[in-house]
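Working notes, structure below.
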Amino acid sequence: MPSSALPLRRITVLSGGVGGARFVQGLLHGLRSGAVPGGSADTEITVIANTADDWWIHGLKVCPDLDTLMYTLGDGIDVDRGWGRRDETWSAKTELEAYGVEPTWFGLGDRDIATHLVRTQMLEAGFTLSQVTEALCRRWQPGVTLVPMSDDRVETHIAVADPDSPSGRSVIHFQEYWVRLRAAVPAETVIVVGQDAATPAPGVLEAIADTDLLIVPPSNPVVSVGTILGVPGIRDAVRASAAPVVGLSPIVGASHVHGMAAQMLTSIGVEVGAGAVGVHYGARSAGGVLDGWLVDTRDADQVPLLEEAGLRARAVPLMMSAPDATAAMAAEAVALVQS
């Protein structure tokens, strides 16, 4: 560890689901192993999670990104799928299908249902989503403070072409676009319902203001990080934070590593490229939210574009193939904005 590294007592991460969860897992590994400059096993991490993917199904409140983070960091995730519980069974899904209950394209595993039952019961009893998340994390012990971006209901919907509709398009919930359609049709518009009226959850603005480092992991820049930053007050808090802000590209070699970043970027008119995503976020010196941006070695030619836009930039390996590889990514992110 470089002796000149500034101490990292607190780190705040703005995260989506699978990619963000894997990055935080590697970050924790790097802190505990001493691989992250200035960090240690005592470094406190707050993860502000996207909740615009949330929806209600079969009377249950489902929070995919919160649960993916909680299960991943609590060692309960199905590693092969990257979401849901390990050793899952699907009896309830099979029975619902036998009754003809829709939607049949979205399945809740039997173990996973327990989480949603607890969450729904607590919400209906008057607890906030933040309080519910804290209670659920007592079981999983994720090693971080996990908080939703907002306690208010915010839901992402996607407009897609529909020749049978009078308007020529239909608006569907994000989960239908992602799970039923598998993001295989173009997304014409992203509509985040309820976002303008939402407020940051308790602790969100404090975690952004009172931190030594802010990290934007390789999560979807539109429907994960973008929705977090879209909650009124959060983007301004990031811009105003005294801590450096560093991000890691979810685009490697002109394609997303996981998920649907390419489809979502196209829907908002942003080129699918590591450099273009960094420019989309923008440098804080020019009104954006970043100070530094890491791209993969395959995208090294885009570093000059990023530097011209006012960002510190570096090309390093960005494939989260193992905890050590992800810890190395976290170390590079820290070194970039501490140099």
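Residue numbers count from 1 along this sequence. All values below were derived from every heavy atom in this structure, side-chain atoms included, with hydrogens, water molecules and symmetry-related copies excluded.
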[X] side chain near [Y] side chain, heavy-atom distance below 4.5 Å:
{"X": "Ser15", "Y": "Leu69", "value": "yes"}
{"X": "Phe23", "Y": "Met320", "value": "yes"}
{"X": "His280", "Y": "Ile268", "value": "yes"}
{"X": "Val144", "Y": "Leu28", "value": "yes"}
{"X": "Ile11", "Y": "Glu44", "value": "no"}
{"X": "Tyr177", "Y": "Val160", "value": "yes"}
{"X": "Val216", "Y": "Leu248", "value": "no"}
{"X": "Thr189", "Y": "Ser267", "value": "no"}

Taking all non-hydrogen atoms of both residues, which atom of [X] and which atom of [Y] are closest, and how far apart?
{"X": "Leu146", "Y": "Leu66", "value": "CD2-O, 3.7 Å"}
{"X": "Leu213", "Y": "Val334", "value": "CD2-CG2, 3.6 Å"}
{"X": "Ser130", "Y": "Ala201", "value": "OG-CB, 3.4 Å"}
{"X": "Gln175", "Y": "Asp53", "value": "NE2-O, 2.9 Å"}
{"X": "Val272", "Y": "Ala262", "value": "CG2-O, 3.7 Å"}
{"X": "Leu123", "Y": "Leu129", "value": "CD2-N, 3.8 Å"}

Do Leu14 and Ile215 pass the side-chain contact (heavy atoms from CB on, under 4.5 Å) test, and can you show the C-alpha distance, the side-chain angles, and the key distance before you say yes or no?
CA-CA 7 Å; Leu14 310 182; Ile215 301 180; over 6 Å; no

Start with the C-alpha distance between Glu155 and Arg153, add both sets of side-chain angles, then the distance that settles salt bridge (Lys or Arg N to Asp or Glu O under 4.0 Å), and finish with yes or no.
CA-CA 7 Å; Glu155 293 184 359; Arg153 186 170 178 173; 2.8 Å; yes

Would you list the pairs meeting side-chain hydrogen bond (donor to acceptor under 3.5 Å, both in side chains) in which at least one residue belongs to residues 137-150, sequence neighbours left out?
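Passing the test, one end in residues 137-150: Ser150-Asp152.
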
Do Arg10 and Asp210 pass the salt bridge (Lys or Arg N to Asp or Glu O under 4.0 Å) test, and can you show the C-alpha distance, the side-chain angles, and the key distance before you say yes or no?
CA-CA 8 Å; Arg10 290 175 293 275; Asp210 188 21; 3.1 Å; yes

Does the pair [X]/[Y] count as a salt bridge with the N-to-O cut at 4.0 Å?
{"X": "Asp291", "Y": "Arg312", "value": "no"}
{"X": "Lys93", "Y": "Asp110", "value": "no"}
{"X": "Arg9", "Y": "Asp42", "value": "no"}
{"X": "Arg169", "Y": "Glu188", "value": "yes"}
{"X": "Asp112", "Y": "Arg85", "value": "no"}

Arg180 NZ/CZ over Phe106 ring centroid, <6.0 Å and within 45° of normal
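Relative to the ring axis of Phe106, which defines the angle, Arg180 lies outside at least one limit.
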
Within a radius of less than 6.0 Å around CD of Glu308, do more than 12 heavy atoms belonging to other residues, nucleotides or ligands occur?
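Not more than 12 within 6.0 Å, no.
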
If we count only N and O atoms by modelled type, under 3.5 Å, do the side chains of Ser165 and Ser167 hold a donor and an acceptor together?
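Result is yes, a qualifying pair exists.
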
How about Thr115 and Tyr71: does a side-chain donor come under 3.5 Å of a side-chain acceptor?
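Looking only at side-chain atoms, Tyr71 and Thr115 do form a donor-acceptor pair, the distance falling under 3.5 Å.
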
Assigning hydrophobic clusters by single linkage (Ile, Leu, Val, Met, Phe, Trp, Tyr; side-chain heavy-atom cutoff under 4.5 Å), is Val171 placed with Ile158?
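No, separate clusters.
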
